[in-house]
Amino acid sequence: MRVETHWPLVLGLILIAAFGSWVFIHSNRSYLLRWTLVPVSLVVAVLTARLYDAGLGYAVAADLPGEFVYLGHQVVVEKKRKAGIEIWAQNGDTRLYRIAYSKPAEEAMDKAREQAKGGQPVVMRKRAAAPGSSGSSERTESGTDQPYESNVLLPSDINPKTVARNSVAER
């Protein structure tokens with residue numbers, strides 16, 4: 001466990017230890033309080049460290065934002081079947097999401113991965129549901145059954161000020 005990443009936990013544990021020491025020193029008749037406070041503070045310290053570590057580094061089981069920059073994905077296989085897709089997305093902040101597995105979602109993420117191989121950022125948007133496509137399971141060649149569409153972000157979209165400055169300079 002590193003102090004740089006766990007400083008809130010370390011600070012909390014120091015405060016618990018300081019309070020326990022203060023009670024231990026200043027209570028002259030309460031032996032029961034002394035004998036219970038020390039083991040309880042140790043148990044709380046150990047459980048807090050375990051809970052803190054358990055929450056770090058795992059994907060959030062939540063819906064993807066409506067629009068995000070695709071950074072990567074991985075299909076999660078549990079008990080020899082595809083259980084979900086972990087998607088590394090950037091929408092203001094960078095976060096790892098986990099969504100339920102579906103073949104159209106995997107195909108959309110694979111398409112975004114292929115587009116990202118060119119080196120340009122790929123923006124993914126949630127596709128609007130077509131009216132009347134609720135019951136049809138037919139696939140079309142355009143891939144309209146995919147829940148997300150991906151587009152390569154052009155340099156002019158990344159920094160529109162430089163494009164405007166270049167177009168004024170050309171005149």
Side-chain angles (χ1 to χ4, degrees), residues 1-14 46-171:
M1 181 165 50
R2 294 177 34 186
V3 176
E4 296 92 29
T5 58
H6 291 72
W7 69 266
L9 178 63
V10 171
L11 179 67
L13 295 178
I14 289 172
V46 169
L47 289 178
T48 304
R50 299 262 181 187
L51 289 173
Y52 193 78
D53 281 341
L56 295 176
Y58 291 97
V60 176
D63 290 335
L64 287 168
E67 181 176 315
F68 61 92
V69 176
Y70 169 85
L71 299 173
H73 80 280
Q74 169 183 327
V75 176
V76 178
V77 178
E78 293 175 351
K79 297 180 182 175
K80 296 183 181 180
R81 68 176 192 83
K82 296 178 179 179
I85 303 173
E86 290 181 348
I87 302 161
W88 189 20
Q90 182 178 17
N91 183 16
D93 59 339
T94 303
R95 172 156 272 177
L96 184 64
Y97 293 92
R98 182 172 178 168
I99 60 172
Y101 177 81
S102 70
K103 187 68 174 169
E106 182 183 14
E107 290 172 356
M109 297 303 153
D110 287 340
K111 181 180 176 187
R113 178 185 288 157
E114 289 299 319
Q115 289 175 335
K117 285 183 179 178
Q120 296 293 329
V122 176
V123 175
M124 297 195 74
R125 291 178 183 86
K126 195 172 275 192
R127 190 178 297 239
S133 66
S134 60
S136 67
S137 61
E138 295 180 19
R139 294 195 58 151
T140 60
E141 288 186 21
S142 63
T144 57
D145 60 340
Q146 294 180 351
Y148 296 95
E149 60 183 354
S150 57
N151 298 313
V152 174
L153 201 59
L154 300 174
S156 60
D157 296 333
I158 295 171
N159 194 354
K161 289 183 180 182
T162 58
V163 173
R165 196 176 311 135
N166 290 341
S167 65
V168 171
E170 289 175 1
R171 290 184 195 172

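Residue numbers start at 1 and run along the sequence shown.
In terms of heavy-atom proximity, Pro121 sits nearest to Val69 at CB-CG1, 4.3 Å. Ala89 and Leu71 make their closest contact through C-CD1, 4.3 Å (heavy atoms, listed as atom of the first residue, atom of the second, distance). Closest of all the heavy-atom pairs between Ala112 and Val122 is O-CG2, 3.8 Å. Closest heavy-atom contact between Asn91 and Pro65: ND2-CB, 3.1 Å. The minimum heavy-atom distance between Ala108 and Met124, with the atom names listed, is O-CE, 3.8 Å.
In summary, Arg125 and Glu67 engage in a salt bridge, as defined by a charged side-chain N under 4.0 Å from a carboxylate O.
For the ring pair (Phe, Tyr, Trp, His ring centres under 6.0 Å) condition, the pairs that include at least one residue of residues 68-99, sequence neighbours left out, are Tyr70-His73. Among residue pairs with one or both ends in residues 85-99, those qualifying as salt bridge (charged side-chain N to carboxylate O under 4.0 Å, His left out) are Glu78-Arg98; sequence neighbours excluded.
Partners of Gln90 by side-chain hydrogen bond (donor to acceptor under 3.5 Å, both in side chains), not counting sequence neighbours: none found. Residues forming a salt bridge (charged side-chain N to carboxylate O under 4.0 Å, His left out) with Lys117 (at least two apart in sequence, or on another chain): Glu114. Listed by chain and number, the residues in a salt bridge (charged side-chain N to carboxylate O under 4.0 Å, His left out) with Lys82 are Glu106 (sequence neighbours excluded).
Here CD1 of Ile87 is found 4.5 Å from CG of Leu64. Values are rounded to the nearest 0.5 Å. With values rounded to the nearest 0.5 angstrom, Lys103 atom NZ is found 7.5 Å from Asp110 atom CG. Residue Glu149 holds its CD atom at 8.0 Å from NZ of Lys111, rounded to the nearest 0.5 Å.
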